[in-house]
Visitor: 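Can you read through this structure? Questions will come right after.
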Amino acid sequence: MCQWIKSLFLFLFFIASSVFAAPAQKSFSDWQVTCNNQNFCTARNTGLHQGLVMTLTRSAGAHTDATLRIDLGNMNTTEIKAPSIAPHMLVEGEPLVLDLAKWQETPHHLKTGDADAINSFLGKVVNADAITLSQGQGNISLVGLKASLLFIDSQQQRVGSETAWIKKGDDPPLSVPPAPALKEVTLTNPTPTPLTQVELSDLMDYGTWRMNNSQCSLDPARREVRVFAISDDKVLLMTGCEAGAYNVVDLAWIVSRQKPFAARQIRLKLPFAPASGNTELELMNAGYDETNKELVTLAKGRGVGDCGVTTRWRFDGQRFRLVRYAEEPTCDGWNGSASWPTLWVTK
């Protein structure tokens with residue numbers, strides 16, 4: 001009977017744990033951690049890395065689905081003349097020896113998904129101060145790595161289990177809750193009827209009227225009306241309103257396709273609270289991805305676009321609902337917006 005009660009308790013615990021995972025993004029000294037609504041976590045070093053970055057990812061659940069990679073330059077490019085990193089890595093001034101049979105290696109990139117290789121590597125570096133190169137520039141500060149790994153263990157409820165990275169215990173892998181069910185945002189009309197020339201002309205005129213009667217500071221010469229069919233009876237209408245050095249704030253409406261036009265202004269509301277605490281999202285540098293039928297925003301933290309927030313929203317027949325939210329708070333020239341860590345994903 002006791003075993004039956006314990007099994008029932010674990011089952012109910014998993015159900016409760018799997019309903020929803022609160023996204024989280026935190027910094028620990030020179031490390032940054034992001035865990036999304038699937039409890040998929042990413043951690044990397046920040047600070048003055050001089051182009052040498054270590055990235056760890058781990059999925060939720062009992063399986064050991066993790067990756068560790070070290071890259072020199074950034075995720076796509078590197079200095080052609082830079083020496084290979086594998087034979088020149090040092091930890092505390094001593095050579096960092098790897099079993100390269102368990103790693104994918106190119107001159108400036110190392111990657112492994114082997115659990116033993118990852119655990120062995122972390123055991124060598126987790127209490128050290130930095131990984132450097134004996135030839136060339138690059139510095140992976142390890143200050144904050146241990147706290148970051150412990151945060152991932154805690155977020156994925158691994159503490160006390162055999163699969164924990166820091167606080168291991170005797171609990172079996174199956175004691176770790178699985179990832180929550182992936183939410184779905186259904187696209188109700190993936191192939192809306194294309195706008196006729198008459199519809200487009202009438203809607204552009206309506207959009208120009210809307211633009212001229214909105215309280216916006218953007219130079220009228222820089223404003224632009226854009227119209228996209230999102231269903232057989234509705235369109236997305238957008239126009240620029242405010243502008244800074246590298247961001248434009250847009251206004252957008254869902255508008256009926258036929259006269260008399262009925263319009264409802266779009267207000268984007270996040271289903272979770274990001275680090276800023278603000279769940280209302282401005283339409284920054286907004287566009288419409290006609291291939292995937294998604295409204296896209298990109299709020300740049302600075303002009304080069306290496307940090308900020310990017311989101312994707314799908315029209316469900318009534319409103320635009322969030323399908324993806326990614327944020328890179330660290331402006332260090334490492335990632336473009338396509339590689340920013342996610343806090344919210346759907347199918």
Visitor: Show, in sequence, the C-alpha distance, side-chain angles and deciding distance for Phe228 and Val235, and conclude whether the side-chain contact (heavy atoms from CB on, under 4.5 Å) test is met.
Guide: CA-CA 5 Å; Phe228 306 94; Val235 299; over 6 Å; no
Visitor: Measuring from atom CE of Met89 to atom CG of Leu98, what distance do you get when rounded to the nearest 0.5 angstrom?
Guide: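 Here the rounded value is 4.5 Å.
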Visitor: Taking all non-hydrogen atoms of both residues into account, name the closest pair between Val345 and Asn36 and its distance.
Guide: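 Nearest pair, atom of Val345 first, then Asn36: CG2-ND2, 4.0 Å.
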Visitor: Quick test of your reading of the model: are Asp250 and Arg223 salt-bridged, counting only N-O distances below 4.0 Å?
Guide: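 Salt bridge absent between Asp250 and Arg223.
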Visitor: For the pair Arg44 and Glu328, find out whether any cationic side-chain nitrogen is under 4.0 Å from an anionic carboxylate oxygen.
Guide: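 Salt bridge flag = yes for Glu328 with Arg44.
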Visitor: Do Thr163 and Arg158 get their side chains close enough for a donor-acceptor pair, meaning under 3.5 Å?
Guide: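 Side-chain D/A pair, Thr163 to Arg158: present.
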Visitor: For Pro190 versus Leu187, what's the shortest heavy-atom pair and its separation?
Guide: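 Pro190 and Leu187 have their closest heavy atoms at CA-CD2, 3.6 Å.
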Visitor: Going through the checks in order, is the side-chain contact (heavy atoms from CB on, under 4.5 Å) test met by Thr342 and Arg324?
Guide: CA-CA 7 Å; Thr342 61; Arg324 188 177 188 274; 3.4 Å; yes
Visitor: Does a side-chain heavy-atom distance below 4.5 Å link Leu270 with Trp344?
Guide: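 A side-chain contact under 4.5 Å is absent here.
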Visitor: Do Ile131 and Val125 have side-chain heavy atoms sitting under 4.5 Å apart?
Guide: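 Side-chain contact under 4.5 Å: yes.
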Visitor: Whether the Lys102 and Thr112 side chains hold a donor-acceptor pair (N or O, under 3.5 Å, no angle test) is what I'd like checked.
Guide: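 The criterion, which ignores hydrogens and geometry beyond distance, is not satisfied for Thr112 and Lys102.
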Visitor: Mark yes when over 12 heavy atoms from residues, nucleotides or ligands other than Glu105 sit less than 6.0 Å from its CD; otherwise mark no.
Guide: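 It does: Glu105 CD has more than 12 such atoms within range.
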Visitor: Under 3.5 Å, is there a donor-acceptor pair between the Ser27 and Gln32 side chains?
Guide: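 Judged by distance alone, the side chains do not pair up.
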Visitor: Does Lys293 come within less than 4.0 Å of Asp289, counting only side-chain N to carboxylate O?
Guide: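 Looking at Lys293 and Asp289, the cut-off is not met.
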Visitor: Considering all heavy atoms of both residues, which atom of Val225 and which atom of Leu237 are nearest to each other, and what is their separation?
Guide: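 Closest heavy-atom pair between Val225 and Leu237: CG1-CG, 4.5 Å.
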Visitor: Whether the Ser231 and Asp233 side chains hold a donor-acceptor pair (N or O, under 3.5 Å, no angle test) is what I'd like checked.
Guide: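 There is such a pair between these side chains.
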Visitor: Heavy-atom count check: over 12 atoms from other residues, nucleotides or ligands less than 6.0 Å from Lys26 NZ?
Guide: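 Not more than 12 within 6.0 Å, no.
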Visitor: Among Asp30, Asn45, Thr46, exactly one meets side-chain hydrogen bond (donor to acceptor under 3.5 Å, both in side chains) together with Ser141. Which residue is that?
Guide: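 Among Asp30, Asn45, Thr46, the one that satisfies the side-chain hydrogen bond (donor to acceptor under 3.5 Å, both in side chains) with Ser141 is Asp30.
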Visitor: Yes or no on side-chain contact (heavy atoms from CB on, under 4.5 Å) for Leu236 and Met238, after CA distance, side-chain angles and deciding distance?
Guide: CA-CA 7 Å; Leu236 168 65; Met238 293 192 291; 4.0 Å; yes
Visitor: Can you tell me how the ring of His49 sits relative to the ring of Trp334, calling it parallel under 30°, perpendicular over 60° and tilted otherwise?
Guide: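 The rings of His49 and Trp334 stand perpendicular, inter-plane angle above 60°.
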Visitor: Please check if any side-chain donor atom of Thr57 sits under 3.5 Å from a side-chain acceptor atom of Thr67, or the reverse.
Guide: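 Checked: Thr57/Thr67 side chains pair up, N/O donor to acceptor below 3.5 Å.
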Visitor: Measuring from atom CG of Leu72 to atom CD1 of Ile85, what distance do you get when rounded to the nearest 0.5 angstrom?
Guide: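 Here the rounded value is 6.0 Å.
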Visitor: Taking NZ, NE, NH1 and NH2 as the nitrogens, is one of them in Lys168 or Glu162 under 4.0 Å from a carboxylate oxygen of the other?
Guide: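 The answer is no: the pair does not qualify as a salt bridge.
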Visitor: Are side-chain N/O atoms of Thr193 and Asp232 paired as donor and acceptor at under 3.5 Å?
Guide: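 Yes, side-chain donor-acceptor contact under 3.5 Å.
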Visitor: Would you say CD of Glu92 has more than 12 non-hydrogen atoms from neighbouring residues, nucleotides or ligands within 6.0 angstrom?
Guide: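 For Glu92, atom CD is crowded (more than 12 foreign heavy atoms under 6.0 Å).
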Visitor: Roughly how far, to the nearest 0.5 Å, is the CD1 atom of Ile166 from the CD1 atom of Ile152?
Guide: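 Rounded to the nearest 0.5 Å, the CD1-CD1 separation comes to 9.5 Å.
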Visitor: Just by distance, do the side chain of Lys124 and the backbone of Val97 share a donor-acceptor pair under 3.5 Å?
Guide: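 Yes, Lys124 side chain to Val97 backbone: donor-acceptor pair under 3.5 Å.
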Visitor: State plainly whether the residues Asp316 and Arg314 are in salt-bridge range, i.e. N to O under 4.0 Å.
Guide: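 Result for this pair is no, no salt bridge flagged.
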Visitor: Could you check whether Phe261 and Trp253 have their ring centres less than 6.0 Å apart?
Guide: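 No.
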Visitor: I need the Gln25 CD to Thr42 OG1 distance, nearest 0.5 Å.
Guide: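 Reported value, rounded in 0.5 Å steps: 9.5 Å.
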Visitor: How are the rings of Tyr325 and Phe272 set to each other: parallel, tilted or perpendicular (split at 30° and 60°)?
Guide: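 The rings of Tyr325 and Phe272 stand perpendicular, inter-plane angle above 60°.
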Visitor: Can Arg58 be said to sit on top of Trp165's aromatic six-ring, NZ or CZ under 6.0 Å from centre and within 45° of the ring axis?
Guide: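 Yes, cation above the ring, under 6.0 Å and within 45°.
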Visitor: Taking all heavy atoms of Asn247 and all of Leu298, pick out the closest pair and write down the distance.
Guide: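 Nearest heavy atoms, Asn247 then Leu298: OD1-O, 3.9 Å.
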Visitor: For Trp31 and Phe151, what are the C-alpha separation, side-chain angles and deciding distance, and is it a ring-ring contact (aromatic ring centres under 6.0 Å, His included)?
Guide: CA-CA 11 Å; Trp31 278 75; Phe151 178 80; over 10 Å; no
Visitor: For Lys167 versus Asp153, what's the shortest heavy-atom pair and its separation?
Guide: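 So the two residues come closest at N-OD2, 4.0 Å.
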Visitor: Can you name the closest pair of heavy atoms from Cys216 and Leu251 and give their distance?
Guide: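 Taking every non-hydrogen atom into account, SG-CD1, 3.8 Å.
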Visitor: List the steps and the verdict of side-chain contact (heavy atoms from CB on, under 4.5 Å) for Asn127 and Lys146.
Guide: CA-CA 7 Å; Asn127 292 311; Lys146 190 171 186 177; 3.4 Å; yes
Visitor: Mind checking whether Thr297 and Leu281 have side chains closer than 4.5 Å, heavy atoms only?
Guide: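 A side-chain contact exists here, since the closest heavy-atom pair is under 4.5 Å.
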Visitor: Quick one: does Tyr206's side chain have a donor or acceptor within less than 3.5 Å of a partner on Ser201's backbone?
Guide: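 No, the answer is negative, given that no donor and acceptor are paired below the 3.5 Å cut-off.
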